[in-house]
Structures are given as C-alpha cells and as structure tokens.
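Let me begin by presenting the structure, written as structure tokens, before commenting on it.
To find a chain, count down the sequence lines: A is the first, B the second, and so on, and within it residues start at 1.
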There are 2 protein chains.
Amino acid sequence: MARSARRGRRDSQETRQRIIDAALDALKREGFTGASARAIAEHGGFNQALIFYHFGTVNHLLLAALDETSGRRLAAYQTAVEQAKTLPELLQTATRLYREDLAAGHITVLNELIGASLAYPELRPEIAARVQPWVRFAEDVIVQALAGGPLAELIPSRDAAFATVALYLGMQMLTHLNGDNTATESLFATGERVAALLATLQP
Amino acid sequence: MARSARRGRRDSQETRQRIIDAALDALKREGFTGASARAIAEHGGFNQALIFYHFGTVNHLLLAALDETSGRRLAAYQTAVEQAKTLPELLQTATRLYREDLAAGHITVLNELIGASLAYPELRPEIAARVQPWVRFAEDVIVQALAGGPLAELIPSRDAAFATVALYLGMQMLTHLNGDNTATESLFATGERVAALLATLQP
DNA sequence: GTCTATACTTGGATAGAC
DNA sequence: GTCTATCCAAGTATAGAC
C-alpha cells in the first residue's frame, strides 16, 4: 500500500514534468498564442484534461514552465560565472551562455509571457517575481567585475544590472526577428574588445 | 458624381483610420491576445466585418497599425534629434522621447507583434522591415554624436545602434512588467552623466 | 461601404466513466 | 490519476441585405 502510494506520487510527478516539458516546447515553437491546452497536450502525447487536473489553468501551467526554465537557467549561469572573474573572461562566458539561450529558446519563453501579461494582468507580478533574481544576479556579478576599476564609481551597479537584463531581452527579440544572429555576434565581439581594454585599467 | 465618389473615398479613408486607431488602442491596452476583430470593433464603435472588408485579415490590420505608429514616431524622433547634436543634449532628448513612448505605449505595439510573430511567421519579415529604419536612424545619430570622440573607433556604430534599439525594447518590457519606471529613470540619469563626461573628451 | 446573420473553428474548462 | 465526452465562449471569416 505504501508502495502503491509512493508509486502514485512518483507517476504524478513524472506526469507533471511531461506536461511542463511539453508546455515549454509549445511556448518556444509557437509562442503564447500557440501554447493552448490542446496544442500542448497533442504535442506532448497526453490528454488535454490532465493540464487542468494538475495545474488548474493553462496560465498556471505556463508560469510553472517559466519557473522551471528560469530556475534551471539561473543555476547554470551562477555555476558558469563562478569560473570567470576577470572582465574579459566574464564577457566570453556571457557570450557562450547567450548562444545557448538563443539556440534553446530559453528567453523566448520569458518574452512571450511578458507579452501575454498585458492581456492577463494577473501574470504580471508572477513573472516579475521570476525576473527579479536575474537582475540581482546581474548586479552581483557586475559589482565583482567592476570592483576597483574606473567604472565602479561612474555607473551605479543597479543601473548596469537593469540595462544588462533589458539588453539581453531586446537582443533576443531582435535576433529572432531578423532570423540571423550576426548582429548579436558582432556586438559580443565588440563587448569582448571593450572588456579587454577596461581590464588594462583595472588594479 | 465626382463629388460623391470623392466623398466616398474620403469616408473610406476616415473609416480605415478609425479602424487603425482602434487597433492601436486594443494592442496597447490588451496586447496581441486582446486585439481580436471583435474587441477592436467593439471598442472602436464600428462593425466587426469592416475590418475584413478594409484589411482582409486581422493580422493585416495590425501590421497597418504598426506601420502607422512606427512611421509617425520615427518622424518625431528625427525632428527632435535635429535640434540636439551634442551628446548630453542627445541623451536628454532621448529621455524625453522615451518617456513619451512609455506613456503612449508606442513600443508595446512592437513588442506584442514581435511576440506574435512566433505563432504567425508570415509577420516576421513584415515587422523586421518596419524595425530596420529605426536601427539605421540610430546608427546615423550615433555616428554624428560620436564623431571625433574616443568611442568612435572603439565601438562600431552598427553594434551601438543595434544595442540601442535592443535596449529600448528590453527596457520597455521590463518597465511594463515592474509597473514603475524608477529603474528606467535612474538609468537615463546615469546615461546623462556619462554623456556629460564623454563630452569633455570630445574635440 | 456598412450592417446583420451565420458558418465554422478553436480554446478553456468540467462531469463522469474507468 | 487518466480518459472520453461535452458544454460554452470567443475567434475568424463570409454571404447577402441594405
């Protein structure tokens, strides 16, 4: 009995995960408009009604999907950044992570949900709460990277963090729109050059 | 007869304009999801079928709306920027224009349509074509503003233009998400300080 | 050019069998 | 916990009267 209860719980967890994965896939491929319960269920190979049983509403599911992808991704960023503490190394790491995000569509999920939050205002605070850790993370990294350098007192870390996250979002949007990422790649290359220059001014 | 034909044409033009205005309003208030033919028609006080008579499909209408708002706005930017050629003046102008965009929701229209272009790929090139003039405009302004200064040879104008437009989009998204614009205001204030500093290094 | 009426499709959500 | 069947609301689009 304990066994079957455990089994039941594990199956339930597995199903939840399958649903979340399918929702992420739908968001990345078809955007918010295409991430309907029917579309998600069909693509994931399960029944549509399961979404409502496990998540109540489609929007709840999409938030759970954002939660998961954002959390996982932030952890990956934190791990990666720990290895790179000089400014040039940091830029290289950022370039690599950015390419990963672009290829996997991680940021698309966020962009689509922010767009949808106009129609569904109740999503707004939920999404904002999931973006906040990113701004904080960016600020921590920036503080460390600029410490002792000339930019540290010129540019408040909070502003730099906000701008960084905004730039990330905007770049992904434009890159997706253009269908090629040459502009992004060129920008990162320039960023790496500037970082190298700034590093020569650091203590 | 000529008179009635003229009248007919003028009425038709007026109707088109009313529909476009209502579509812009819907996009700004409710986003792409809320900009349905029914919602647009109800809010604009006209019949739903008119949309299909004048624009064929809802998406065609939304593109026409983007066309109009983007064109008008770009003209306003060009006029405003002609008056300000030093870097600090330019930043002040940008701050003012940005506040206008934010309050009027001009960028929201673009963000929503970019988001929707995932679900409707045929929108992508259309939107891209309407964004391109902005990147070009940004590049022109940047070239003039940085001419002779130290940044001119450090940062390719193309990269700076792309980054500027991306930053604009991202800032609007995050500002809308947070529900307040203190972060943006702070960032612009920092931008003005940096611009003032850079101006002292210009010839 | 504009309106009414309507065909058709898709989507959210629930009831009830299994 | 999962599936089938179904209700209802909302959307796009068109035909045809005015």
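- Listed nucleotides: C:dC3, D:dT12, D:dC3. Nearest to the side chain of A:Asn47: D:dC3.
- For B:Phe55, the ring-ring contact (aromatic ring centres under 6.0 Å, His included) test picks out no residue, with sequence neighbours left out.
- Distance B:Phe52 CZ to D:dA13 P: 5 Å, rounded to the nearest Å.
- The interatomic distance linking B:His43 (NE2) with D:dA10 (P) rounds to 18 Å, in whole Å.
- For B:Ala49, counting side-chain heavy atoms from C-beta on, the closest listed nucleotide (C:dA13, D:dC3, C:dT4) is C:dT4.
- One can place CD1 of A:Ile51 at 11 Å from C1' of C:dG11, the figure rounded to the nearest angstrom.
- Side-chain contact between B:Gln78 and B:Pro133 is absent, with no heavy-atom pair separated by less than 4.5 Å.
- Taking side-chain N and O atoms only, B:Ser12 has a distance below 4.0 Å to OP1 or OP2 of C:dG1.
- Look at A:Glu14 and A:Arg18 and you find no salt bridge, because none of the NZ, NE, NH1 or NH2 atoms lies under 4.0 Å from a carboxylate O.
- Atom CG in B:Leu50 sits roughly 10 Å away from atom P in C:dG1 (whole-Å rounding).
- At its two ends the helix from C:dG1-D:dC18 to C:dC18-D:dG1 runs along axes set 0° apart, each axis drawn from five pairs and the angle rounded to 10°.
- Positionally, the nearest nucleotide of DNA chain D for A:Phe46 lies more toward the 5' end than for the other of A:Arg38 and A:Phe46.
- B:Thr15 has no side-chain polar atom (N or O) that falls below the 4.0 Å cut-off from OP1 or OP2 of C:dG1.
- A:Glu30 places its CD atom 14 Å from the C1' atom of C:dT10, with the value rounded to the nearest Å.
- A donor and an acceptor atom, one from each side chain of B:Thr57 and B:Asn59, are nowhere located under 3.5 Å apart.
- Proximity of a side-chain donor or acceptor of A:Ser117 to a complementary backbone N or O of A:Ile114 within less than 3.5 Å is detected.
- Contacts of B:Ala37 with the nucleic acid, taken as non-hydrogen atoms under 4.0 Å apart, involve only primed sugar atoms and P, OP1 or OP2.
- The OH atom of A:Tyr53 sits 17 Å away from the P atom of C:dG16 (whole-angstrom rounding).
- Between B:Tyr53 and B:Asn47, the side chains place no donor N or O within less than 3.5 Å of an acceptor N or O (distance only, hydrogens not considered).
- When the P atom of D:dT12 is taken as reference, atom CD of B:Gln48 falls 8 Å away, rounded to whole Å.
- Straight-line distance from the CZ atom of A:Phe55 to the C1' atom of C:dA13: 16 Å, rounded to whole Å.
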When the side chains of residues 137-146 of chain B are checked against the rest of the protein, which donor-acceptor pairs come out under 3.5 Å, sequence neighbours left out?
residue, atom, partner, partner atom, Å
B:Glu139, OE2, B:Ser157, OG, 3.0

